[in-house]
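Take a look at the structure below.
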Amino acid sequence: MTMFAANPGGWVSKTLLVTILAFTGIRSPMAGEKSPSDFLLRNGMEVVVIPDHRAPIVTHMVWYKVGSADEPPGKSGIAHFFEHLMFKATAHHAAGELDRTVSEIGGSKNAFTYYDYTAFHETVPPSALEQMMGFEADRMRNLILTDDVVKTERDVILEERRSRIDSNPQAVLEEEIDATLWQNQPYRISVIGWMQEMEQLNREDAKAFYDVYYHPNNAVLVVAGDVEPNAVKAMAERTFGKIARGPDLPPRIRPAEPEQNTRRTVTLTDARVSVPSFSTQWVVPSYRTAKEGEAEALDLLAEILGGDNRSRLYQQLVVEQGIASTAGAYFQSTMLDNTNFTVYGAPRGDAKLADVEAAVDAEIARIVKDGVTGDELERAKTRYVRSMIFARDKQKDMANMYGSTLATGGNVKDVEERPERIRKVTAEQVKQVAARYLMLDHSTTGYLLPQQQVGN
């Protein structure tokens with residue numbers, strides 16, 4: 001799985017977000033650690049502090065509650081474009097100064113854009129934390145945007161689109177699947193943007209976007225690492241706290257998706273493809289939009305069906321039948337609106353793609369008809385909760401989890417209670433969500449085929 005990230009910025013692929021977010025969570029703090037703290041600055045900026053004193057490093061992330069799904073019509077790509085522009089000169093720092101400072105102290109930094117948020121992050125020694133806050137607070141409101149700066153960076157994102165999307169058959173197909181799965185919701189538009197609209201983005205567009213969304217009351221600061229909450233709060237007040245609150249933004253209400261009553265297919269044939277593959281997607285609730293217990297059941301359904309090499313799809317198609325080189329499932333759980341549940345597969349050896357797809361469909365039908373066993377469900381819960389515990393070992397994973405949850409309408413309590421909610425899911429709930437949402441006649445399937453398979 002890949003993160004499509006330019007240097008210094010990038011947009012995040014769907015599959016990467018599954019890796020980052022689907023199996024991350026929190027457990028009780030280890031001995032000597034404190035629970036996460038959260039508070040509001042006077043200007044409305046939310047701050048979350050996750051103490052972790054095992055190593056003298058800290059991850060500092062600023063999440064803005066704006067992503068590609070918030071873009072004005074006809075301005076696709078402006079969220080990702082503006083992420084790039086945030087690395088340019090400000091009233092107090094020259095372009096490239098943040099990069100040089102982080103490199104000199106042996107740290108790392110980057111940024112990414114997704115449908116519902118844009119995030120900027122640095123990992124540095126704790127002694128440099130306030131300096132990083134100063135850089136981020138400065139560029140939150142003090143960017144210097146000229147026509148030359150905007151034109152140069154626009155050329156960068158256009159080339160990124162050519163290299164990351166247009167030259168990659170899998171990425172092209174993913175765009176077309178999204179545009180078919182989502183008929184009305186802005187998730188149908190590529191995060192990086194459509195080429196013909198990206199080419200028209202200008203300084204006025206960038207400035208308007210900046211003035212609407214880049215304010216402290218539309219941002220979340222997450223600090224994870226060798227820090228104390230009171231010290232972080234004092235630093236945040238000295239840096240971000242000096243920025244004036246921006247205008248209140250209206251609720252993030254987006255067009256509703258109509259009910260899907262057809263089975264849709266998208267097919268791409270390309271001479272660069274050597275092994276055919278398919279994926280089938282359904283529109284399902286996210287943690288924010290689901291009824292009580294549904295999102296947790298969908299998470300466990302994805303784990304049981306195709307989460308890893310102990311899943312049904314892997315064991316049946318790869319190990320037992322030997323017809324697939326890969327087969328799996330994932331649920332993209334952390335979104336502001338409804339989201340997607342996906343199954344996928346590719347054949348091995350002389351097996352046909354149609355055989356792999358039929359075998360995947362058969363496994364889904366088995367769960368819809370017979371459900372899952374108690375032992376199977378308990379093993380899936382154990383794997384899922386353990387993965388939450390393992391996430392504690394990576395500061396960036398922890399910061400990603402809290403930031404993405406808060407940027408999509410959740411809160412710290414949602415994160416902390418997820419393990420217990422996962423443990424409460426019943427086998428009947430898993431069966432119900434499979435039957436309710438994984439209906440083949442209400443799905444969207446994409447096929448990626450070698451050129452010679454046209455017409456077969």
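Keep in mind that this is a model prediction, so the values were computed, not measured.
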Does a sphere of radius 6.0 Å around CZ in R263 hold more than 12 heavy atoms from other residues, nucleotides or ligands, not counting ones at 6.0 Å or beyond? yes
Output yes when a side-chain donor or acceptor of E153 lies under 3.5 Å from a complementary backbone atom of L85, and no otherwise. no
Check E159 with R162, please: is the shortest side-chain N to carboxylate O separation under 4.0 Å? yes
Any idea how H84 and H80 line up, ring-wise: parallel (<30°), tilted (30 to 60°), or perpendicular (>60°)? perpendicular
Within the structure provided, determine whether L317 and V356 are in side-chain contact (heavy-atom separation under 4.5 Å). yes
Checking salt bridge (Lys or Arg N to Asp or Glu O under 4.0 Å) for the pair K151/D147: CA distance, chi angles, key distance, verdict? CA-CA 6 Å; K151 181 180 183 302; D147 287 334; over 6 Å; no
Give, for atom OG1 of T280 and atom CG of L440, the distance between the pair rounded to the nearest 0.5 Å. 7.0 Å
One pair to check against side chain to side chain contact (heavy atoms under 4.5 Å, CB included): E357 and T445. What are the steps and the verdict? CA-CA 10 Å; E357 184 180 8; T445 301; 3.9 Å; yes
Tell me if a side-chain donor or acceptor on N184 pairs with a main-chain N or O of A256 at a distance below 3.5 Å. yes
Verdict with reasoning, Y214 to F82, per ring-ring contact (aromatic ring centres under 6.0 Å, His included): CA-CA 10 Å; Y214 279 69; F82 199 82; 4.9 Å; yes
Under the salt bridge (charged side-chain N to carboxylate O under 4.0 Å, His left out) rule, what pairs show up with a residue in residues 430-440, not counting sequence neighbours? E294-R436
Give me the atom names and distance for the closest heavy-atom approach of F120 to A111. CD2-CB, 3.5 Å
Close side-chain approach of R418 and I422, heavy atoms under 4.5 Å: yes
Kindly indicate whether the side chain of R386, heavy atoms from C-beta on, has any atom under 4.5 Å from the side chain of Y384. no
Which of these passes side chain to side chain donor-acceptor pair (under 3.5 Å) with Y287: T339, D299, T408? D299
Tell me the closest heavy-atom pair linking A399 and M61, and the distance in Å. CB-SD, 3.3 Å
Distance col, row R272:CZ vs L448:CG, nearest 0.5 angstrom, shows 9.5 Å
Using a 3.5 Å distance criterion without hydrogens, assess whether the side chain of R203 forms a donor-acceptor pair with backbone atoms of V150. no
Where is the tightest heavy-atom contact between A359 and I323, given as atom of each residue plus distance? CB-CD1, 4.0 Å
K381 and L300, any side-chain heavy atoms less than 4.5 Å apart: yes
Distance (rounded to the nearest 0.5 Å) between H442 NE2 and E259 CD: 6.5 Å
Locate the shortest heavy-atom distance separating P347 from S325; write the atom from each residue and the value. O-OG, 3.4 Å
Name of the residue among H60, M132, K109, K396 meeting side chain to side chain contact (heavy atoms under 4.5 Å, CB included) with H121: K396
Not counting sequence neighbours, list each pair that qualifies as a salt bridge (charged side-chain N to carboxylate O under 4.0 Å, His left out) and has a residue in residues 64-82. D70-R252, D70-R254, K75-D205
The reported gap from CG in L158 to CZ in F81 (rounded to nearest 0.5 angstrom) is 8.5 Å
Close side-chain approach of L298 to W282, heavy-atom, < 4.5 Å: no
Could you tell me which non-hydrogen atom of P419 sits nearest to which non-hydrogen atom of V385, and how far apart they are? O-CG2, 4.4 Å
Are R312 and V372 close enough that some pair of their side-chain heavy atoms sits under 4.5 Å apart? yes
Between L268 and L449, does a side chain to side chain contact (heavy atoms under 4.5 Å, CB included) hold up when you go through it step by step? CA-CA 6 Å; L268 175 64; L449 307 176; over 6 Å; no
Polar contact flag, side-chain donor to acceptor under 3.5 angstrom, D337-Q185: yes
Would you say T289's side chain and P285's backbone share a donor-acceptor pair under 3.5 angstrom? no
Does atom CG of D350 have more than 12 heavy-atom neighbours, drawn from other residues, nucleotides or ligands, at distances under 6.0 Å? no
If only atom types and distance count, is the side chain of D52 paired as donor or acceptor with the main-chain N or O of D226 below 3.5 Å? no
Check: T444/Q281 side-chain N/O donor and acceptor closer than 3.5 Å: no
Is there side-chain contact between L406 and D414, with heavy atoms separated by less than 4.5 Å? no
Run the numbers on S286 and N338 for side-chain hydrogen bond (donor to acceptor under 3.5 Å, both in side chains), then give the verdict. CA-CA 5 Å; S286 67; N338 283 346; 5.3 Å; no
Exam field: side chain E175 to backbone V172, donor-acceptor pair closer than 3.5 Å: no
Where S76 and M198 come nearest, the two heavy atoms and their spacing: O-CG, 3.8 Å
Any chance you could lay out the side chain to side chain contact (heavy atoms under 4.5 Å, CB included) test for F278 and L353, step after step, and finish with the verdict? CA-CA 8 Å; F278 88 98; L353 182 61; 3.9 Å; yes
Please work out whether the ring planes of Y187 and W182 are parallel, tilted or perpendicular, with thresholds of 30° and 60°. perpendicular
Go through it in stages, so that I can follow the logic: the residues are E363 and R366, the test is salt bridge (Lys or Arg N to Asp or Glu O under 4.0 Å), and I'd like the CA-CA distance, side-chain angles, deciding distance and then a yes or no. CA-CA 5 Å; E363 288 302 319; R366 281 181 58 204; 2.9 Å; yes
Identify which one of V222, L221, V220, T118 satisfies the side chain to side chain contact (heavy atoms under 4.5 Å, CB included) criterion when paired with V62. L221
Side-chain (R154) to main-chain (N202) donor-acceptor, under 3.5 angstrom: no
Is there a donor-acceptor pair closer than 3.5 Å between any side-chain N or O of Q321 and the backbone N or O of V318? no
Close side-chain approach of M398 and K394, heavy atoms under 4.5 Å: no
Taking atom CG of D270 and atom CD of Q170, what is their separation to the nearest 0.5 Å? 11.0 Å
So, E376 side chain and T373 main chain: donor-acceptor pair closer than 3.5 Å or not? yes
Over 12 non-hydrogen atoms of neighbours within 6.0 angstrom of CD in Q196: yes
When you measure from the side chain of R161 to the backbone of G193, do you find a donor-acceptor pair of N or O atoms at a distance under 3.5 Å? yes
If I take atom OG from residue S404 and atom CG from residue L336, how far apart are they, to the nearest 0.5 angstrom? 12.0 Å
